[in-house]
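The residues of the chain are indexed from 1 along the displayed sequence.
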Amino acid sequence: MTFTLVAACSNSPGPIVGKWRDEGNEVTIEFRDDGTMAVQSEDVGCIGTFKAEKQQRTYRTILDCGRSKGAGTCTVSSDGKHLTLTGTSGGKGEYTRVPD
């Protein structure tokens, strides 16, 4: 399983806060009000941070999975229901908001 994220702290977390899942329900990402995040898959758990960018609904992330670290960009759709993660190598992941 492969996924890439980017993160850093934020004073105004905005529309990204909440839980997100990939299409296959293999990976869950939780973005918290305090600018931290957690990623959980069947075999890996990671922690990180996120920070809002100047572009609306775009965030930078930094992720630490113990054995590896990653960075990327997250973009939330205008309807707030979809999230696209783009890693520094160009790989992308699509996620859907988990209802509260």
Participant: If I take atom OG1 from residue Thr28 and atom CH2 from residue Trp20, how far apart are they, to the nearest 0.5 angstrom?
Facilitator: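 Here the rounded value is 12.5 Å.
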
Participant: Evaluate the criterion side-chain contact (heavy atoms from CB on, under 4.5 Å) for residue pair Val44 and Val39; output intermediate values, then yes/no.
Facilitator: CA-CA 8 Å; Val44 177; Val39 178; over 6 Å; no

Participant: Just verifying a value: how many Å separate Leu83 CG and Ile29 CD1, rounded to the nearest 0.5 Å?
Facilitator: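 So the CG of Leu83 and the CD1 of Ile29 are separated by 6.0 Å.
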
Participant: Do you know which two heavy atoms are closest between Tyr59 and Ala52, and how far apart they sit?
Facilitator: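 Between these two residues, the closest heavy atoms are CD2-CA, 3.6 Å.
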
Participant: If you round to the nearest 0.5 Å, how far is CD of Gln40 from CD of Glu42?
Facilitator: 10.0 Å

Participant: Which atom names give the shortest non-hydrogen contact between Tyr95 and Leu85, and what distance separates them?
Facilitator: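 That closest heavy-atom pairing would be CE1-CD1, 3.1 Å.
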
Participant: Which distance, rounded to the nearest 0.5 Å, do you find between the CZ of Arg32 and the NZ of Lys19?
Facilitator: 9.0 Å

Participant: How far does OG1 of Thr96 sit from CD of Glu23, to the nearest 0.5 angstrom?
Facilitator: 7.5 Å

Participant: With rounding to the nearest 0.5 Å, note down the distance linking CG in Asp79 to CZ in Arg97.
Facilitator: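 Rounded to the nearest 0.5 Å, the CG-CZ separation comes out at 9.5 Å.
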
Participant: List the steps and the verdict of side-chain contact (heavy atoms from CB on, under 4.5 Å) for Cys74 and Phe31.
Facilitator: CA-CA 11 Å; Cys74 299; Phe31 293 92; 4.0 Å; yes

Participant: Counting only heavy atoms not in Gln55, do more than 12 fall under 6.0 Å of its CD?
Facilitator: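 Check passes, neighbour count above 12.
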
Participant: Quick check: does any side chain N or O of Arg21 sit under 3.5 Å from a backbone N or O of Val98, one acting as donor and the other as acceptor?
Facilitator: no

Participant: Could you check Ile47 against Thr36 for side-chain contact (heavy atoms from CB on, under 4.5 Å), going step by step and ending with a plain yes or no?
Facilitator: CA-CA 8 Å; Ile47 58 172; Thr36 63; over 6 Å; no

Participant: Can you confirm whether more than 12 heavy atoms, excluding those of Glu30, are under 6.0 Å from its CD atom?
Facilitator: yes

